[in-house]
Amino acid sequence: MSDPTPRSVRTPREVLADYHQAIRDKSPDDLADLYAVDAVHEFPFTSPGFPPRFEGREAVREGYRAAWGAWRTSRTSPSTRPSPRA
């Protein structure tokens, strides 16, 4: 787990760049570390099996870990791989 304490005071642009990088890397730790301990992350839409909101930094961390883990599993399961051409 990453250190949740602030590295230093960062500009909004730096925080947004860190957010984008965490999303690209699918890093729940880096993403969650951008949130306050008591943050609430609400989704404007949901997927079956996932909650409409995460309450608290650790819920963000675990929620994204589960979501991205499910995404990775579905992307690599035999049923979703393209079939080789004959």
Side-chain angles (χ1 to χ4, degrees):
M1 176 172 20
S2 304
D3 179 10
T5 58
R7 290 175 272 175
S8 64
V9 175
R10 294 177 287 166
T11 67
R13 191 176 303 264
E14 290 169 327
V15 173
L16 185 59
D18 289 347
Y19 175 85
H20 286 154
Q21 190 62 52
I23 296 292
R24 282 192 298 273
D25 293 344
K26 295 201 177 344
S27 173
D29 291 324
D30 291 346
L31 181 64
D33 289 346
L34 297 171
Y35 285 76
V37 173
D38 60 349
V40 174
H41 182 115
E42 294 192 79
F43 298 95
F45 53 87
T46 61
S47 296
F50 292 102
R53 66 190 277 157
F54 299 139
E55 295 185 39
R57 179 188 294 145
E58 294 312 310
V60 170
R61 186 182 319 278
E62 293 311 312
Y64 273 95
R65 189 178 316 283
W68 286 333
W71 179 84
R72 284 187 181 115
T73 300
S74 71
R75 300 275 299 169
T76 59
S77 69
S79 65
T80 61
R81 288 189 202 134
S83 58
R85 294 181 185 228

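Atom set for the values below is all heavy atoms of this structure, side chains included, hydrogens, waters and symmetry mates excluded. Note that the coordinates shown come from a computational prediction; the quantities given were computed from them, not determined experimentally.
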*Of the non-hydrogen atoms in Ala36 and Arg57, which two are nearest, and what is the gap between them?*
O-CB, 3.6 Å
*When rounded to the nearest 0.5 angstrom, what distance separates CZ in Arg65 from NZ in Lys26?*
14.5 Å
_Holding to side chain to side chain contact (heavy atoms under 4.5 Å, CB included), I want the full list of residues that pass it with Arg24, two or more places apart in sequence or in another chain._
His20, Gln21
*Within the distance-only criterion (no hydrogens, no angle test), does the side chain of Arg10 pair as donor or acceptor with the backbone N or O of Val15 below 3.5 angstrom?*
no
*Are Leu34 and Val40 connected in the hydrophobic side-chain network, where two residues link if heavy atoms are under 4.5 Å apart?*
no
*Dump the intermediate steps for side-chain contact (heavy atoms from CB on, under 4.5 Å) on Arg61 and Asp33, then the final yes or no.*
CA-CA 8 Å; Arg61 186 182 319 278; Asp33 289 346; 3.0 Å; yes
*Who passes ring-ring contact (aromatic ring centres under 6.0 Å, His included) against Phe43, sequence neighbours left out?*
His41, Phe54
*What distance separates Phe50 CZ from Phe45 CZ, expressed to the nearest 0.5 Å?*
12.5 Å
*Do the side chains of Ile23 and Leu31 get nearer than 4.5 Å, heavy atoms only?*
yes
*Report the residues that fulfil salt bridge (charged side-chain N to carboxylate O under 4.0 Å, His left out) with Glu14, sequence neighbours left out, ordered by chain and then residue number.*
none
